[in-house]
Amino acid sequence: ALSINAQSNCATCKLVVGFVKTYVGSNATEKQIVQELEAWCSFLGSSLEAECDMIVETYVPEILHYLEDSLTAEQICQKIGLCASEAELEAKLGDQLCSVCELVCQLGETWMQKNATEEQIEQILMEFPCALLPPGFEAQCDAFVQQYVPAAVEWIVKNE
């Protein structure tokens with residue numbers, strides 16, 4: 001999953017882009033925009049101020065350029081590398097699902113050794129692994145588990 005810091009950078013980036021967007025229409029210079037943003041960053045509190053300042057000092061020229069191209073905040077933050085793209089998120093989900101699959105198989109084997117029935121194993125596996133994933137991945141994980149757990153239980157029972 002994305003780290004807390006990566007998620008925070010993404011959210012802060014979108015806030016900064018939104019703020020820059022409000023100044024673009026007022027004919028403010030880049031220097032004025034940076035000064036206003038630095039003042040605004042100081043109101044975010046110590047945990048986000050440094051992050052906000054870094055984004056302002058490093059990326060305002062690029063943000064202004066991308067705003068001229070009518071990109072959204074999400075698109076801009078992806079282009080400058082502070083938000084993950086859909087492809088990166090899907091790759092992370094794939095990694096998570098691989099881990100879930102391995103966990104499902106291990107749990108299934110453990111419950112088989114405890115003489116649980118196929119139905120009991122399936123029920124346990126349907127309820128448990130996805131709750132371990134970060135929010136946002138649970139629905140996709142649930143769909144994955146619904147689709148593949150019956151086959152995985154069958155393989156475990158057949159010792160494949």
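As the structure is a computational prediction, the values presented were derived from the model and not from experiment. Sequential numbering from 1 along the given sequence is applied to the chain's residues.
Residues Val34 and Glu57 form no side-chain contact, since every pair of their non-hydrogen atoms from C-beta on lies 4.5 Å or further apart. With a 4.5 Å cut-off on side-chain heavy atoms, Val16 and Trp40 count as touching. You'll find the side chain of Tyr66 reaches within 4.5 Å of the side chain of Glu62, heavy atoms only. Between Tyr59 and Ile76 there is no side-chain heavy-atom pair separated by less than 4.5 Å.
The sulfur atoms (SG) of Cys41 and Cys52 lie less than 2.5 Å from each other. Distance check for Cys77 and Cys83: the SG atoms are not under the 2.5 Å cut-off.
Other residues, nucleotides and ligands contribute only 12 or fewer heavy atoms inside 6.0 Å of the CG atom of Asn27.
Interatomic distance, His65 NE2 to Asp69 CG, rounded to the nearest 0.5 Å: 4.5 Å. A distance of 8.0 Å separates CG in Leu82 from CD1 in Ile63, rounded to the nearest 0.5 Å.
The heavy-atom pair separating Tyr23 from Glu36 by the smallest distance is OH-OE1, 3.1 Å. Closest non-hydrogen pair, Ile55 versus Cys13, comes out as CD1-N, 3.7 Å. What you find for Leu71 and Leu67 is that their closest heavy atoms are O-CD2, 4.1 Å.
Side-chain contact of Gln78 with Glu74: a donor-acceptor pair under 3.5 Å is present, judged by distance alone.
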